[in-house]
Amino acid sequence: MFTGDSGLTRGLVTLPCTIHATRATFIPAPGDEVSVTPAWKGKARRAAELAVRAVTPPGAEPAGGHLDLTGDVPLCRGFGSSTSDVLAAIWAVKDAFVSPLPPQEVARIAVRAETASDSLMFEESTVLFAQREGRVIEDFGYRMPALRILGFGSRPEGGGRGVDTLAFSPARYGQDEIDLFTRLQSMLREAIQMKDVALLGSVATASTEINQRHLPIPELDRIRDIARTTGAVGIQAAHSGDIAGLLFDRDDPEVEARTDTAQDLLQELGIHEQWNYTTGD
């Protein structure tokens, strides 16, 4: 929660992840109907409808078409599955009509289509994003410094069922937490501009600690111990999902050994669902 000119607004920073993807194609057709395969992807269909309207010149004949989606992004986990579908749909329409759509317009369409969106449409820099308003609170000017991420399902007893983002009541933050978010925004600005991986990890850990009071991660104390033992720079958590991750400095010469040890220690803790990747790959 952040304080701006118009008062308090919710915001997030998206951690890039390339191990899952959504692919979309859009075939324009006469008329104003948009269909989608699979048929249950209603948010993506709505996004395609809104994108078609955005790229159709004033006075032109109504346009529709068919959207086809494929992908492997897990649902309700904090991977941004809805945004992946919605963004792929919007970009497919943009490509089909060979029409420019700036990221700010894509963001507005995404939020209209899915109520709350991640900031994946801003590819060239890291942004603090008002996920329910579709606007940038702050553009930090650079991409996030490269990290090695050891991600994991933080609630193994839940069997990976995840959290329904829109059904999950947004956290009600106290003034102390809001003040801390303001300080973390400043720290994150410095971390990204200075490419300070350790400071970035500290921001992520502090955010995770705040989240612990609202959507707690089981065994967080022991996960902290694993982070300290293995030299992780921080811990990140999805604030409306059940995934988390240990953050490591990608350029640390011992990063492979550190992540291998962390994998083993998480296994001993009963956390077997894990994934390992580097941001920027």
Side-chain angles (χ1 to χ4, degrees), residues 1-5 8-19 78-80 83 102-104 107 117-131 135-152 173 176-212 220 223-239 243-259 261-262 275-281:
M1 189 75 78
F2 299 89
T3 304
D5 295 338
L8 292 174
T9 186
R10 295 182 183 274
L12 57 76
V13 175
T14 296
L15 178 65
C17 176
T18 56
I19 58 176
F79 278 109
T83 299
Q104 294 79 3
S117 172
D118 283 291
S119 59
L120 295 171
M121 65 288 298
F122 296 95
E123 298 179 281
E124 299 304 318
S125 65
T126 302
V127 299
L128 178 61
F129 185 65
Q131 70 268 27
R135 65 178 180 86
V136 173
I137 300 171
E138 180 175 356
D139 185 338
F140 296 112
Y142 301 93
R143 292 182 178 178
M144 193 174 293
L147 296 162
R148 173 67 64 86
I149 313 295
L150 176 56
F152 53 89
Y173 297 112
D176 288 348
E177 292 172 317
I178 294 170
D179 292 343
L180 178 53
F181 277 131
T182 299
R183 295 196 295 274
L184 293 178
Q185 181 180 354
S186 177
M187 291 169 61
L188 183 60
R189 182 187 309 120
E190 180 181 350
I192 290 175
Q193 292 178 353
M194 301 302 294
K195 303 188 185 303
D196 188 331
V197 175
L199 184 57
L200 178 64
S202 296
V203 173
T205 301
S207 181
T208 297
E209 298 285 357
I210 294 173
N211 184 59
Q212 193 68 3
L220 182 60
I223 292 170
R224 286 193 201 95
D225 289 340
I226 292 173
R228 284 190 290 267
T229 299
T230 58
V233 298
I235 304 169
Q236 63 86 207
H239 283 228
I243 62 173
L246 296 175
L247 311 181
F248 295 88
D249 182 350
R250 181 202 63 176
D251 297 326
D252 181 345
E254 298 181 9
V255 67
E256 295 293 343
R258 294 185 190 280
T259 52
T261 300
W275 46 91
N276 194 332
Y277 71 98
T278 301
T279 61
D281 284 353

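When atom types are taken as modelled, the side chain of Ser207 and the backbone of Val203 share no donor-acceptor pair closer than 3.5 angstrom. In this structure, Thr182 contributes its side chain and Ile178 its backbone to a donor-acceptor pair below 3.5 Å. The main-chain N or O of Ile235 is found under 3.5 Å from a side-chain atom of Thr208 such that the two form a donor-acceptor pair. The closest donor-acceptor contact from the side chain of Thr261 to the backbone of Thr230 lies at 3.5 Å or more, if one exists at all. Without hydrogens or angle criteria, Arg148 side chain to Asp251 main chain gives no donor-acceptor distance under 3.5 Å.
Of the inter-residue distances, the one linking Ser119 atom OG with Leu15 atom CG reads 10.5 Å to the nearest 0.5 angstrom. Rounded to the nearest 0.5 angstrom, Gln131 CD and His239 NE2 are separated by 10.5 Å. To the nearest 0.5 angstrom, Met144 atom CE is 7.5 Å from Thr279 atom OG1. For the atom pair Tyr277 OH and Cys17 SG, the distance stands at 4.0 Å (nearest 0.5 Å). One distance of note links CD of Glu256 with CZ of Phe248; it measures 10.5 Å at 0.5 Å rounding. The distance from atom OG1 of Thr3 to atom CG of Asp179, rounded to the nearest 0.5 Å, is 7.5 Å.
Residue pairs meeting the salt bridge (charged side-chain N to carboxylate O under 4.0 Å, His left out) criterion with at least one member in residues 182-193, sequence neighbours excluded, are Glu138-Arg189.
The shortest heavy-atom contact between Pro145 and Ala191 is CG-O, 4.4 Å. When all heavy atoms are compared, the tightest approach of Thr126 to Asp139 is O-OD1, 3.6 Å. The shortest heavy-atom contact between Arg258 and Gly231 is NH1-CA, 3.7 Å. Of all non-hydrogen atoms in Thr9 and Ala130, the two that sit nearest each other are OG1-CB, 3.9 Å. Scanning both residues, Ala262 and Leu150, for their nearest heavy atoms gives CB-CD2, 3.5 Å. Across Glu123 and Leu120, no two heavy atoms sit closer than the pair CG-O, 3.9 Å.
Between Phe2 and Phe181, the ring-plane angle classifies as tilted under the 30° and 60° cut-offs.
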* To do: Would you please test Leu8 and Tyr173 for side-chain contact (heavy atoms from CB on, under 4.5 Å) and show each step?
  => CA-CA 11 Å; Leu8 292 174; Tyr173 297 112; over 6 Å; no
* Asked: Would Thr259 and Asn276 satisfy side-chain contact (heavy atoms from CB on, under 4.5 Å), going step by step from the backbone distance to the final call?
  -> CA-CA 8 Å; Thr259 52; Asn276 194 332; 4.0 Å; yes
* **Trace of the side-chain contact (heavy atoms from CB on, under 4.5 Å) decision for Leu184 with Ile210** => CA-CA 11 Å; Leu184 293 178; Ile210 294 173; 4.2 Å; yes
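Counting only heavy atoms from C-beta outward, the side chains of Val127 and Val13 never approach each other to under 4.5 Å. In this structure, Ile243 and Trp275 have side chains that are in contact, with non-hydrogen atoms separated by less than 4.5 Å. Contact annotation: the side chain of Leu246 never approaches that of Ile149 to less than 4.5 Å [non-hydrogen atoms, C-beta and beyond]. Considering only heavy atoms from C-beta on, Arg250 stays 4.5 Å or farther from Val255 through its side chain. Two residues are said to be in side-chain contact when any heavy atoms from C-beta on lie closer than 4.5 Å; Leu200 and Leu147 meet this criterion.
Taking Asp225 as the reference, Arg228 meet the salt bridge (charged side-chain N to carboxylate O under 4.0 Å, His left out) condition, with sequence neighbours excluded. Every residue two or more places apart in sequence or in another chain that forms a side chain to side chain contact (heavy atoms under 4.5 Å, CB included) with Ala107 is listed here: Met121, Phe122, Phe129.
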